[in-house]
Peer 1: 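Let me give you the structure first, and then I'll get to my questions.
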Amino acid sequence: LLAAALTFLALLIGMSAFVSWREIRELRGSFTTVQLESFRIADQLQAGLLKLDSRLLKYADGRRPEDWRSFEDEGRQLDAWIDQQKTVLTTPEEKAVLSDINAAYDGYLAAATEIAAGAAPFDKFKVEAAEERLISLGLKLANAHREALGSFVASTQQSLALLQTIIFTALLALVLLAAWAASAVYR
């Protein structure tokens, strides 16, 4: 009976240690991935918008069809990239901000199309305001990513604290059981 109890406690400690190591490895990998992802999405959105805005300004300056085609191509690529981010995001907050980004981006493209069609004069301030809104939403998305990261870290820390408690309790029980066994054997 004593040998079975000692074996059970040793297995419990070993299993807890294994799970702890696995959790820590996953936490390190996920922390790095999620942290980089939040910055990457905001940066890529901002870079794409600045590039697109440059194409629009170039078109507005010269009204050359090839400049408009470049704008449309870049616009489709950025729109496709925004749509792809739906599969990357995990929290409802992130998805809501991405939905806002998608709607604001569609408005930006519609305004640019009106300019190209001659339906609206080129209004640099209107274009910059739309761009600033999109950049602001990109930063809001990065903040939502950081909050998701914080929640992930908090839940992992809670799991690790529980595992530490289990390991410490099992170790203490093992030591007490060994002391009891030693006193029983040497009586």
Side-chain angles (χ1 to χ4, degrees), residues 22-161:
R22 188 182 70 215
E23 285 283 327
I24 289 170
R25 186 176 58 241
E26 286 178 18
L27 175 62
R28 284 183 183 145
S30 296
F31 180 78
T32 303
T33 302
V34 171
Q35 188 178 30
L36 292 176
E37 189 69 17
S38 68
F39 293 114
R40 185 191 65 81
I41 287 176
D43 286 346
Q44 191 164 346
L45 178 64
Q46 186 175 11
L49 286 170
L50 292 173
K51 189 174 182 181
L52 198 58
D53 190 46
S54 171
R55 300 272 189 219
L56 184 59
L57 289 172
K58 188 174 180 182
Y59 172 75
D61 188 41
R63 297 280 182 176
R64 290 189 306 262
E66 61 271 12
D67 292 335
W68 178 250
R69 280 192 297 277
S70 292
F71 175 84
E72 285 182 314
D73 290 343
E74 295 284 335
R76 277 192 294 276
Q77 288 175 8
L78 186 57
D79 194 33
W81 177 83
I82 290 171
D83 291 340
Q84 286 174 342
Q85 300 316 300
K86 292 175 187 173
T87 60
V88 174
L89 304 177
T90 56
T91 68
E93 294 82 11
E94 293 170 321
K95 290 180 181 187
V97 174
L98 186 66
S99 179
D100 291 345
I101 287 171
N102 206 13
Y105 183 70
D106 289 344
Y108 174 83
L109 288 179
T113 303
E114 286 178 11
I115 292 168
F122 182 76
D123 184 351
K124 181 179 178 182
F125 297 110
K126 187 176 179 181
V127 171
E128 285 178 354
E131 183 182 337
E132 285 297 321
R133 174 158 164 61
L134 284 165
I135 289 172
S136 173
L137 286 169
L139 294 174
K140 188 175 178 183
L141 182 60
N143 287 334
H145 271 298
R146 284 186 203 100
E147 288 173 13
L149 174 64
S151 296
F152 174 75
V153 169
S155 70
T156 303
Q157 286 177 338
Q158 190 176 22
S159 297
L160 290 174

Peer 1: What pairs with Gln158 under side chain to side chain contact (heavy atoms under 4.5 Å, CB included), at least two apart in sequence or on another chain?
Peer 2: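 Listed in chain order: nothing, the list is empty.
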Peer 1: The criterion is ring pair (Phe, Tyr, Trp, His ring centres under 6.0 Å); which residues satisfy it with Tyr108, sequence neighbours excluded?
Peer 2: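 Partners of Tyr108 by the ring pair (Phe, Tyr, Trp, His ring centres under 6.0 Å) criterion come out as none, since no residue qualifies.
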Peer 1: Under a 3.5 Å distance rule, please check whether Thr113 uses its side chain to pair with a backbone N or O of Leu109 as donor and acceptor.
Peer 2: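 Side chain of Thr113 to backbone of Leu109, a donor-acceptor pair under 3.5 Å: yes, one is there.
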Peer 1: Quick one, Lys95 and Ser99 - any side-chain contact, counting heavy atoms below 4.5 Å?
Peer 2: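 No, their side chains stay 4.5 Å or more apart.
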Peer 1: Could you tell me which residues satisfy side chain to side chain contact (heavy atoms under 4.5 Å, CB included) with Thr91, sequence neighbours excluded, listed by chain and number?
Peer 2: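 Result, side chain to side chain contact (heavy atoms under 4.5 Å, CB included) vs Thr91: Glu93, Glu94, Ala148.
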Peer 1: Enter the distance from Leu49:CG to Glu131:CD here, rounded to the nearest 0.5 Å.
Peer 2: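 The CG atom of Leu49 sits 6.0 Å away from the CD atom of Glu131.
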Peer 1: Can you give me the closest heavy-atom contact between Ala104 and Leu134, atom names plus distance?
Peer 2: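 Heavy atoms of Ala104 and Leu134 come nearest at CB-CD2, 3.5 Å.
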Peer 1: Could you note down all residue pairs passing salt bridge (Lys or Arg N to Asp or Glu O under 4.0 Å) where residues 70-79 supplies at least one of them, sequence neighbours left out?
Peer 2: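 Salt bridge (Lys or Arg N to Asp or Glu O under 4.0 Å) check on residues 70-79 returns Lys51-Glu74, Arg55-Glu74, Asp73-Arg76.
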Peer 1: Looking at every non-hydrogen atom in both residues, tell me the closest pair between Leu98 and Gln85 and how far apart they are.
Peer 2: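 Shortest heavy-atom contact: CD2-C, 3.8 Å.
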Peer 1: Determine yes or no for a side-chain-to-main-chain donor-acceptor pair under 3.5 angstrom, with Tyr105 supplying the side chain and Asp100 the backbone.
Peer 2: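 Flag not set: sc Tyr105 to bb Asp100 has no pair under 3.5 Å.
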Peer 1: Do Ser70 side-chain atoms and Glu66 backbone N/O form a donor-acceptor pair below 3.5 Å?
Peer 2: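 Looks like yes, one N/O pair under 3.5 Å.
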Peer 1: Asp67: what forms a side-chain hydrogen bond (donor to acceptor under 3.5 Å, both in side chains) with it, not counting sequence neighbours?
Peer 2: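 For Asp67, the residues satisfying side-chain hydrogen bond (donor to acceptor under 3.5 Å, both in side chains) (neighbours in sequence not counted) are Arg64.
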Peer 1: Is there a side-chain contact between Ile82 and Gln44 (heavy atoms, below 4.5 Å)?
Peer 2: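 No; the side chains remain at least 4.5 Å from each other.
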Peer 1: If you measure from NZ on Lys58 to CG on Leu56, what distance do you get to the nearest 0.5 Å?
Peer 2: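 One finds 12.5 Å between NZ of Lys58 and CG of Leu56.
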Peer 1: Ring pair (Phe, Tyr, Trp, His ring centres under 6.0 Å) with Tyr59: which residues, sequence neighbours excluded?
Peer 2: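 Trp68.
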Peer 1: Ile101 pairs by side-chain contact (heavy atoms from CB on, under 4.5 Å) with which of Ile135, Asp106, Leu137?
Peer 2: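 Running side-chain contact (heavy atoms from CB on, under 4.5 Å) over Ile135, Asp106, Leu137 with Ile101 returns exactly one hit, Leu137.
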